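Atoms within a ligand are numbered from 1 in the order they appear, just like the ligands themselves. These numbers were taken from a predicted model, which means no experiment stands behind them.
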Amino acid sequence: MLILNKKDLEELLPMEEVLDVLAMGFREVKEGRCVVPVRFHLTVEEYQGQFLFMPAFLPGLKQSGTKIVSVFPKNTSKGKPTIYATYLLSDPTTGELLAIIEGATLTGIRTGGASGLATRYLARKNAKVLGIIGTGFQSFFQVRAIQAVRPIEEVRAYDFDQKRLEDFCQRMSPFIKVYPATNPSEAVRRSDILVTSTTSKTPVFSGKDLKPGAHINAIGAFRPDMREADDETILRAMIVVDTYEGCLSEAGDLLIPMSEGKLKKEAIHGDLGDLVTGRKKGRRSDEEITFFKSVGFAMEDVVTAHRAYEKAIREGKGQRIEIY
Ligand SMILES: NC(=O)c1ccc[n+]([C@@H]2O[C@H](COP(=O)([O-])OP(=O)(O)OC[C@H]3O[C@@H](n4cnc5c(N)ncnc54)[C@H](O)[C@@H]3O)[C@@H](O)[C@H]2O)c1
């Protein structure tokens with residue numbers, strides 16, 4: 001049995017490879033070879049915490065595993081992170097546990113990968129300026145993934161937490177030039193591609209500021225009452241979702257305008273599986289605004305975890321332990 005930590009994952013999972021395995025996973029989903037039950041929540045009232053269990057099984061690829069995520073907001077007062085995540089990769093032919101994998105980095109990498117894949121089909125080919133609103137944990141992976149598919153020359157970043165914004169600029173400096181913005185408009189107006197990766201409940205930018213031809217990856221807003229994009233953006237854009245099932249039950253960015261009768265389900269152009277299988281085309285013109293909404297999907301974890309495991313075995317990486 002193998003243990004893979006954050007550093008192992010960073011070495012084992014270059015973005016180009018993550019995009020390939022995600023594309024393979026989304027094809028399996030479209031072909032009906034993917035079993036992902038609704039995620040199970042376990043509430044720990046005493047400590048105001050929650051565990052989420054996210055299993056996935058891909059029979060065609062013979063991959064299975066479960067992500068366990070814990071969200072304990074009171075941890076900050078104990079000097080501990082709010083979120084821990086662990087991935088348990090199992091052999092679906094025997095049930096044997098193959099690997100225990102650090103799950104937060106895995107999530108960052110696969111969520112970046114999904115945005116990268118959407119960007120490949122939806123952003124203009126010559127997109128050079130990337131805007132990002134919300135410079136927390138996910139933002140680093142988002143930038144790295146988009147850099148893998150478009151010739152990004154600079155990043156315009158905004159976060160209302162100055163410290164987070166400064167940390168991001170510093171962390172990104174070996175990879176790309178980042179200009180901090182003093183408000184969202186300043187970042188959005190210049191951007192060919194925009195990422196919103198916040199925990200906001202209300203829109204974080206004005207759709208009026210979008211350049212013609214802009215592409216947006218909106219990855220925050222994972223509950224029906226949360227949103228990052230305003231009506232202007234949603235009604236102007238060609239919309240693609242990671243999965244219909246996830247977005248139509250969780251994505252406030254779409255569900256709020258739908259509940260107000262402004263947006264119809266039929267207005268959603270397609271999902272990522274439609275794009276990677278060629279069933280639907282991506283961008284149709286240079287002026288079109290495109291909008292990718294993701295809430296995450298357990299298939300993305302299992303294909304990414306499995307790739308890390310296979311490579312670790314081949315390259316002798318990770319720590320081996322006997323538990324049986
Ligand atoms: N789509 C997916 O697959 C997926 C996967 C993982 C996480 N997420 C979601 O992505 C979001 C970001 O996750 P994270 O781990 O980076 O969180 P985080 O808390 O580390 O970072 C969020 C950042 O957003 C900033 N922010 C919040 N509201 C803002 C606003 N109105 N304007 C500007 N900045 C604002 C915060 O200051 C913070 O720096 C969360 O909602 C998370 O649930 C989505």
Using a threshold of 4.0 angstrom between heavy atoms of the protein and any atom of ligand 1, which residues qualify? Thr107, Arg110, Thr111, Ile133, Gly134, Gly136, Phe137, Gln138, Tyr158, Asp159, Phe160, Asp161, Arg164, Ser197, Thr198, Thr199, Ser200, Val204, Ile219, Gly220, Phe222, Ser294, Val295, Gly296
Would you mind listing every ring pair (Phe, Tyr, Trp, His ring centres under 6.0 Å) that reaches into residues 91-145, with sequence neighbours excluded? Phe137-Phe141, Phe140-Phe175
Applying ring pair (Phe, Tyr, Trp, His ring centres under 6.0 Å), which residue pairs with at least one partner in residues 203-258 are found, sequence neighbours left out? none
Side chain to side chain, Glu300 and Asp242, heavy atoms closer than 4.5 Å: yes
Name of the residue among Thr198, Thr202, Thr233 meeting side chain to side chain donor-acceptor pair (under 3.5 Å) with Glu228: Thr198
Pick from Arg150, Lys128, Lys211: which one makes a side chain to side chain donor-acceptor pair (under 3.5 Å) with Asp192? Lys211
List the atom pairs, with distances to 0.1 Å, where a side-chain N or O of residues 35-53 and a protein N or O form a donor-acceptor pair under 3.5 Å, not counting sequence neighbours.
unit_1, atom_1, unit_2, atom_2, d
Arg39, NH2, Glu250, OE1, 3.3
Arg39, NH2, Glu250, OE2, 3.3

